Amino acid sequence: QVQLVESGGGLVQPGGSLRLSCAASRTIVCAYNMGWYRQAPGKQRELVARLTGEGITNYADSVKGRFTISRDNAKKTVDLQMNSLKPEDTAVYYCNFQLNFPCTGNYWGLGTQVTVSS
């Protein structure tokens, strides 16, 4: 079993920056896709950023040019650098690792709160 733990959330003013980090409990040998999702109260969980095993990135239109997803294999972390934060970015942020065939597994962290407010 793999456990994911997010960190780096908090309260920030509009225009500020935060860096989220997601740590895996053990080394993942399999190829995998990783991503960051977020969920605001009363809304569905949505994809924020995704990084495939082939190195391809995808971002939600609302965060393009402001957020950057990256991976550190040695540290077993996936990070999300968030710049120019807006009140609309307020949500609980979750990291996700999805293992690719022939491996199986879809792992989620418990989430970290990001609040953007003046």
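Numbers for residues simply follow the sequence, beginning at 1. Only a predicted model underlies this, so the values are computations on that prediction, with no experimental measurement involved.
Side chain of Tyr59 to backbone of Ile69: a donor-acceptor contact under 3.5 angstrom is found. For the pair Asn33 (side chain) and Gly53 (backbone), a donor-acceptor distance under 3.5 Å is present. No donor-acceptor distance shorter than 3.5 angstrom exists from the side chain of Gln39 to the backbone of Ala91, with no hydrogens or angles considered.
For the atom pair CG of Leu20 and CZ of Phe67, the computed distance is 8.0 Å after rounding to the nearest 0.5 Å. Rounded to the nearest 0.5 Å, atoms CG (Asp79) and CZ (Arg19) are 4.5 Å apart. One distance of note links CD of Glu6 with CG of Leu80; it measures 11.0 Å at 0.5 Å rounding. The distance from atom CG of Leu18 to atom OG1 of Thr112, rounded to the nearest 0.5 Å, is 9.0 Å. Atoms CG and OG, on Leu11 and Ser118 in that order, are 9.5 Å from each other to the nearest 0.5 Å.
No continuous path of hydrophobic side-chain contacts links Val92 to Val63 [ILVMFWY only; heavy atoms under 4.5 Å]. Criterion: ILVMFWY side-chain heavy atoms under 4.5 Å apart, direct or through other members. Under it, Leu4 and Tyr93 are part of a common hydrophobic cluster. Residues Trp108 and Val2 do not share a hydrophobic cluster, clusters being chains of Ile/Leu/Val/Met/Phe/Trp/Tyr side chains in contact below 4.5 Å.
Counting heavy atoms from C-beta on, the side chains of Gln113 and Thr90 come closer than 4.5 Å. With a 4.5 Å cut-off on side-chain heavy atoms, Met82 and Val114 count as touching.
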If you look only at distance, which donor and acceptor atoms sit under 3.5 Å apart when one is on a side chain in residues 41-51 and the other is two or more places apart or in another chain?
{"from": "Glu46", "atom 1": "OE2", "to": "Arg38", "atom 2": "NE", "distance (Å)": "2.8"}
{"from": "Glu46", "atom 1": "OE2", "to": "Arg38", "atom 2": "NH2", "distance (Å)": "3.4"}

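Within the structure, disulfide bond (SG atoms under 2.5 Å apart) pairs that include any residue of residues 36-105 comprise Cys22-Cys95, Cys30-Cys103 (at least two apart or interchain).
For the ring-ring contact (aromatic ring centres under 6.0 Å, His included) with Phe97, the lone residue among Tyr107, Tyr37, Tyr32 that qualifies is Tyr32.
Using a 4.0 Å cut-off between charged nitrogen and carboxylate oxygen, Asp61 and Lys64 count as a salt-bridge pair.
Using modelled atom types and a 3.5 Å distance limit, the side chains of Ser17 and Asn83 yield a donor-acceptor pair.
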List the steps and the verdict of side chain to side chain contact (heavy atoms under 4.5 Å, CB included) for Thr104 and Leu99. CA-CA 5 Å; Thr104 61; Leu99 306 187; 5.9 Å; no
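What you find for Arg66 and Asp89 is that their closest heavy atoms are NH1-OD2, 2.8 Å.
Residue-environment remark: CD (Glu88) exceeds the threshold of 12 foreign heavy atoms within 6.0 Å.
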